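As structure tokens, the structure follows; a few thoughts come after it.
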Amino acid sequence: MRSHYCGQLTAADIGSTVSLCGWVARRREHGASLAFVDLRDRTGVVQCVVDGSVDVRNEYVLRVTGVVSRRPAGNENAEIATGEVEITECQVEVLSAAEPPPIPLSDRIDVDENQRLRYRYLDLRRDRLQRNLRTRAKVNSVVRQSMEAQGFLEIETPMLIASTPEGARDFVVPSRLKPGSFYALPQSPQLFKQLSMVGGMDRYYQIARCLRDEDLRADRQFEFTQLDAEASFVSGDDVRRFITEAVLAAAEAVTGSRPAFLGDMTWLEAQERFGSDKPDVRFGMELIELTPLFTATEFNAFRAPCVKAVREPGGAGRTRKQLDEMTENAKRWGAKGLVWMRVEEGGTLNSPVAKFLSESELAAIVTATEAQPGDLLYLVADERSVVWHVLGLLRLQLGKPPVNEGGLNFLWVVDFPLFEGVDPETGGPIPAHHPFTMPHPEDIDSLGALGEPVPGSDVLLAARSQAYDLVLNGWELGSGSVRIHRGDVQQRVFELLGIGPEEQQRKFGFLLDAFRFGAPPHAGFAFGIDRLVALLSGEENIREVIAFPKTQSGLDPLTNAPSEIDQKQLNELGLRLLPKA
RNA sequence: GGUCCCGUGGUGCAGUUUGGAGUGCACGCCGGCCUGUCAAGCCGGAGGCCGCGGGUUCAAAUCCCGUCGGGACCGCCA
């Protein structure tokens, strides 16, 4: 039907007779004998000069046959790629008429997102999604090329798998042939990729769909896509090099230049400086350590395991109402309170708690924070992890730049803790990653050997793992680790976690079985394609880089999923619904 | 499970604080004019359950309660 795409016509095509197919983007009438029709396809628009009697309206689908002509001098349009030319002597064939679209398709107008999702097939015609989905396709393509150039083999893993109680909530699928039993949809191909290492595949990768039944966010959908990888006989450094190469190649393909990589930052440094394990390093306002200043203070609230501050330059003008709101936020995030201090001319501190602090303590705060007149200081005193969390969130609220500012700041966060806390009920440690994560070589001895007493919680919580995260501008793009391939280490970790032989066998039996038959040392990683594409596209929300996303409550306004199913289907699956609460 | 914001012709907004006639803006739509526009322009017109339900009031888009839908976040996401 078509000889050319609209957006690709140039002066070099002048004189050619072409056939174009596309949608009417806009029509400009100039009386009985002249009208301009902008015809749009995936590649762009081109202006067609038609008789005024041609009755076509916005979003009509046309086939136009005509001659590519140079526009009359002075009528070129530098705004569009085809602005030097136009199609004349047009024969217009209406392939499909169209009602006026319920949402404007111009990119100049913001449309309510619910409307956009309801008419997603129209929204997809808009430039924004056309561009973002092309970016996504480019990233997928380049990532594939990069992984394969590095010796990785694409292997597909099942979508219907066994449910495991660990981690995120599973989506489950009832079994028809075995009523009362359920498959789970994969949260990730984690176990299968490790099995493929035991299977001698050496280097596995997959652009894998993953599903987690957890509450949605700007950077989280039920369904998402990961570049998933695993390799044998490699170190964590090697894996990070593979992934770095793939990610930078993707970024370069999209932006045209290869961004710098900031290198490694330890988890502890990220927490101490940024109050987060996914630091946004595009702006300052780092957390400032004040704990040593108050070891002997009269002010009880500051005699805490940790006192840190964030300095907001020029923040002294904040109103009491704003400060009260911040205090409320801090409490909601888990702090007992938030202390604020205005820095006055001459460097004195104006604060509700100033009267409880000595002159030397106040002076020490000014010195440590390098506070300037007009600044505002925010202080939190609490357990160290609480101070990190609260000030980390406060820092983002005060200073986080828009997504498309500050360049691309890739970095690796390394040396994650092996355990993230102690279960208040069982007293056992809680794994920070998953139970197959290899402890850090410098800390493995502190964990003791199989059968020895469990070390104190201070020892356990200080133990690091060989887990690492890839972070970009405050977003966690992905994570990975070196896996445990030694049976004695794995047994000791299970012992520390309080997972007995029976539970091991029930939950991970097939993997442990596999490891008995010759498991290579292996390590892996996975990063979110949706998140990477969003950041490369300058989007705050991954819905903007997903063709058919769901709303925050998990609904699809286009198809009305999820929906009820027939009684017949329920019967077939051996299911009966509970009455609605 | 929780906090906050939003819901007004097809679309995007203003109006809500301080209750008084569906009042206004922009786009789109329909009709007319117009031979070089490109967000074309000019003239005219149509189009409303103010998300839904209840309450207060002489009177509710506006105040109160509930509910539905959308968004941001905390929890959650090994």
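Just the heavy atoms: all of them, side chains too, but no hydrogens, waters or symmetry mates, feed the values below. Everything numeric in this text was worked out from a predicted model, so none of it was measured. Letters A, B, ... mirror the listed sequences (proteins, then strands); counts begin at 1.
- Under the rule for a side-chain contact (heavy atoms from CB on, under 4.5 Å), the partners of A/Ser553 that lie at least two apart in sequence or sit in another chain are A/Thr551, A/Leu555.
- Scanning atom types as modelled, no donor and acceptor separated by under 3.5 angstrom connect the side chain of A/Arg28 and the base of B/C34.
- Side-chain atoms of A/Asn114 lie closest to B/G69 of the nucleotides B/G10, B/U37, B/G69.
- Applying the side-chain contact (heavy atoms from CB on, under 4.5 Å) test to A/Lys336 and every residue at least two apart in sequence or in another chain returns A/Asp382.
- Rounding to whole angstrom units, CZ of residue A/Phe36 and C1' of B/G41 are separated by 13 Å.
- Separating the C1' atom of B/U8 from that of B/A61 is a span of 7 Å, rounded to the nearest Å.
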Restricting both atoms to N or O, compile the protein contacts to nucleotides 72-75 of chain B shorter than 3.5 Å, with distance only.
residue	atom	partner	partner atom	Å
B/A72	OP1	A/Asn541	ND2	2.5
B/A72	OP1	A/Arg543	NH2	3.0
B/A72	OP2	A/Gln552	NE2	2.9
B/A72	N7	A/Gln552	OE1	3.2
B/C73	OP2	A/Ala218	N	3.3
B/C74	OP2	A/Arg217	NE	3.4
B/G75	OP1	A/His389	NE2	3.4
B/G75	N7	A/Arg217	NH2	2.9
B/G75	O6	A/Asp215	OD2	3.4
B/G75	O6	A/Arg217	NH1	2.8
B/G75	O6	A/Arg217	NH2	3.2
B/G75	N1	A/Asp215	OD2	2.8

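- In terms of phosphate contacts, A/Ser553 brings a side-chain nitrogen or oxygen within less than 4.0 Å of OP1 or OP2 of B/G70.
- Across the strands present, B/C29 finds its partner in B/G45; the criterion is a Watson-Crick or G-U wobble pair with both atom distances under 3.5 angstrom.
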Grab the N/O contacts between the protein and nucleotides 45-48 of chain B below 3.5 Å, and write none if there aren't any.
none

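- Remark: P of B/G1 and CD of A/Glu214 are 13 Å apart, rounded to the nearest angstrom.
- For A/Asp170, the side-chain contact (heavy atoms from CB on, under 4.5 Å) partners at least two apart in sequence or on another chain are A/Ser163, A/Val172, A/Ala184, A/Gln187.
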Taking protein heavy atoms under 4.0 Å as touching, what does nucleotides 24-33 of chain B look like 5' to 3' if B marks base contact, S marks sugar-phosphate-only contact and - marks none?
-> ---SSSSS--
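- Side-chain contact annotation: A/Thr157 with A/Gln206, donor-acceptor N/O pair under 3.5 Å present.
- In this structure, A/Asp110 places its CG atom 8 Å from P of B/C13, rounding to the nearest Å.
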